[in-house]
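Because only heavy atoms are used, hydrogens play no part in the values below, and waters and symmetry mates are left out as well, while side chains stay in. Computed from a prediction, not measured in an experiment: that's the story for all the values here.
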Amino acid sequence: MAVRDISVCISSLETDFSLLHQGAGLAAAREAHLSCCAIGIQPAPVYSDGMFVSLDIISGQMQAGEEDILRFRKNLHIHIQENLPAIELRETRAFASGIAEATSMYARYADMLVARMPEKTDTARHGEIIEGALFGGGRPVLVLPKAWKPAPLGARVLLAWDASREASRAIHDALPLLAPGAEICVTTVDAQIGWKKHGEAPGLDIAAHLARHGLRVTVRNEDSLGKPVGERLAESASNFNADLIVMGAYRHPKLAQRLMGGPSHFLIAESPLPVYLSH
């Protein structure tokens with residue numbers, strides 16, 4: 001089944017509309033429908049010493065927040081009308097704490113969500129958009145570096161393989177995105193032999209399975225060399241000259257990933273290539 005419905009999600013905290021152009025390039029290449037979910041972020045009530053501040057202050061904040069949302073929507077409408085008239089625009093509102101939930105509702109009606117890689121401060125809450133689609137929406141997410149220029153994807157793919165349910169889900173979700181006869185590099189890092197782990201020959205079973213789909217597959221069992229797994233995967237992708245990394249997202253709890261890091265956390269923030277995630 002081909003990719004036919006792509007969604008992009010941005011919030012009024014976003015000041016850069018380049019993600020829409022990246023999504024439009026992907027949709028055009030696949031003759032897919034493209035929609036944009038625009039979330040207007042409402043200010044949350046402010047407390048002082050455990051109590052609400054005065055109604056005048058709250059009213060002023062709400063008014064300022066409403067003006068920000070209206071300004072964001074006006075600029076977005078103008079930008080789409082002048083540059084990307086084929087995008088279907090959907091609009092909603094949410095508190096900042098509800099971005100993930102709002103994203104999840106829209107992500108459920110698309111083949112995949114296209115999102116921006118979070119910056120270190122992540123003031124635009126890109127991380128929450130990604131998590132909302134993955135966990136609440138149950139949909140895969142294609143995460144793009146900010147500077148990425150629309151280009152063909154899926155001809156040379158690094159599959160980050162750890163023999164997990166999430167990794168299996170990711171590559172099977174990604175199959176419609178891959179080019180016919182694509183080259184897949186199944187890459188493990190510090191693979192452990194055993195039937196409950198990577199099997200007797202790490203990467204071999206999934207490689208044979210993908211080859212039956214008409215894909216050209218190689219296997220690389222890498223050593224971490226004392227580096228984070230995500231960093232080694234990024235190096236392997238560069239050496240393979242990959243145009244896409246496919247991986248299962250957040251095999252470990254999200255809180256643990258945020259506190260201690262992990263392959264998903266590293267690649268979502270640091271990968272020089274687009275990363276296709278599924279949970």
Side-chain angles (χ1 to χ4, degrees), residues 3-30 32-42 65 68-81 83-119 121-148 150 153 170 173-174 177 249-250 254 264-265 267-269 271 274-279:
V3 175
R4 287 289 178 261
D5 212 338
I6 298 174
S7 183
V8 174
C9 188
I10 61 175
S11 75
S12 55
L13 302 174
E14 179 68 79
T15 58
D16 176 14
F17 295 149
S18 63
L19 181 63
L20 299 180
H21 294 266
Q22 293 176 328
L26 292 166
R30 287 164 175 77
H33 174 266
L34 179 64
S35 62
C36 170
C37 169
I39 306 174
I41 303 301
Q42 299 172 310
D68 288 342
I69 292 173
L70 293 177
R71 187 179 307 109
F72 164 73
R73 287 185 170 180
K74 178 181 178 181
N75 292 338
L76 180 60
H77 277 262
I78 291 173
H79 188 86
I80 288 176
Q81 290 171 1
N83 301 281
L84 302 163
I87 293 182
E88 175 191 356
L89 180 60
R90 303 174 181 180
E91 297 174 303
T92 190
R93 294 168 181 260
F95 292 116
S97 60
I99 290 177
E101 183 179 5
T103 302
S104 72
M105 297 303 297
Y106 285 90
R108 294 170 192 171
Y109 307 110
D111 294 318
M112 69 177 183
L113 186 91
V114 177
R116 169 78 67 238
M117 284 186 181
E119 297 180 0
T121 55
D122 199 18
T123 54
R125 308 292 183 90
H126 294 129
E128 292 171 45
I129 289 173
I130 294 169
E131 291 183 2
L134 287 172
F135 293 96
R139 305 306 304 139
V141 181
L142 179 64
V143 187
L144 301 176
K146 185 173 183 179
W148 185 76
L153 286 179
D173 281 351
L177 196 64
Y250 296 108
K254 292 186 291 181
S264 302
H265 184 81
L267 288 173
I268 289 172
S271 174
V275 180
Y276 185 92
L277 302 166
S278 188
H279 180 77

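- Checking Leu142, Val114, Leu113 one by one against Val8, the side chain to side chain contact (heavy atoms under 4.5 Å, CB included) holds for a single residue, Val114.
- Put simply, the side chain of Arg4 gets close to the backbone of Arg30: a donor and an acceptor are under 3.5 Å apart.
- A salt bridge does not link Glu14 with Arg116: none of the charged nitrogens is closer than 4.0 Å to a carboxylate oxygen.
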Determine, step by step, whether Tyr276 and Asp173 satisfy the side-chain contact (heavy atoms from CB on, under 4.5 Å) criterion, reporting the C-alpha distance in whole Å, the side-chain angles of both residues, the deciding distance to 0.1 Å, and the verdict. CA-CA 9 Å; Tyr276 185 92; Asp173 281 351; 3.6 Å; yes
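- Between atom CD1 of residue Ile80 and atom CG of residue Asn75 there is a gap of 11.0 Å, rounded to the nearest 0.5 Å.
- The aromatic rings of His79 and His21 stand perpendicular to each other, their planes meeting at an angle above 60°, with 30° marking the opposite boundary.
- Between the side chain of Arg73 and the backbone N or O of Ser12 there is no donor-acceptor pair closer than 3.5 Å.
- Listed for the His279 side chain is no donor-acceptor partner under 3.5 Å among the backbone atoms of Phe135.
- Within a 6.0 Å radius of CD in Glu88, more than 12 heavy atoms belonging to other residues, nucleotides or ligands are found.
- No more than 12 heavy atoms of other residues, nucleotides or ligands shown are found within 6.0 angstrom of CD on Glu119.
- Closest of all the heavy-atom pairs between Pro140 and Asp111 is CG-O, 3.4 Å.
- Side-chain contact check for Glu91 and His77: at least one donor-acceptor pair (N or O, by modelled atom type) lies under 3.5 Å.
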Where do Ile10 and Phe72 land on the side-chain contact (heavy atoms from CB on, under 4.5 Å) test, with the steps shown first? CA-CA 11 Å; Ile10 61 175; Phe72 164 73; 4.0 Å; yes
Could you walk me through whether Leu153 and Trp148 satisfy the side-chain contact (heavy atoms from CB on, under 4.5 Å) test, starting with their C-alpha distance in whole Å, then the side-chain angles of each, then the deciding distance to 0.1 Å, before giving a yes or no? CA-CA 12 Å; Leu153 286 179; Trp148 185 76; 3.9 Å; yes
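- Inter-residue side-chain proximity for Val141 and Met112 is flagged as unmet; no heavy-atom pair is nearer than 4.5 Å.
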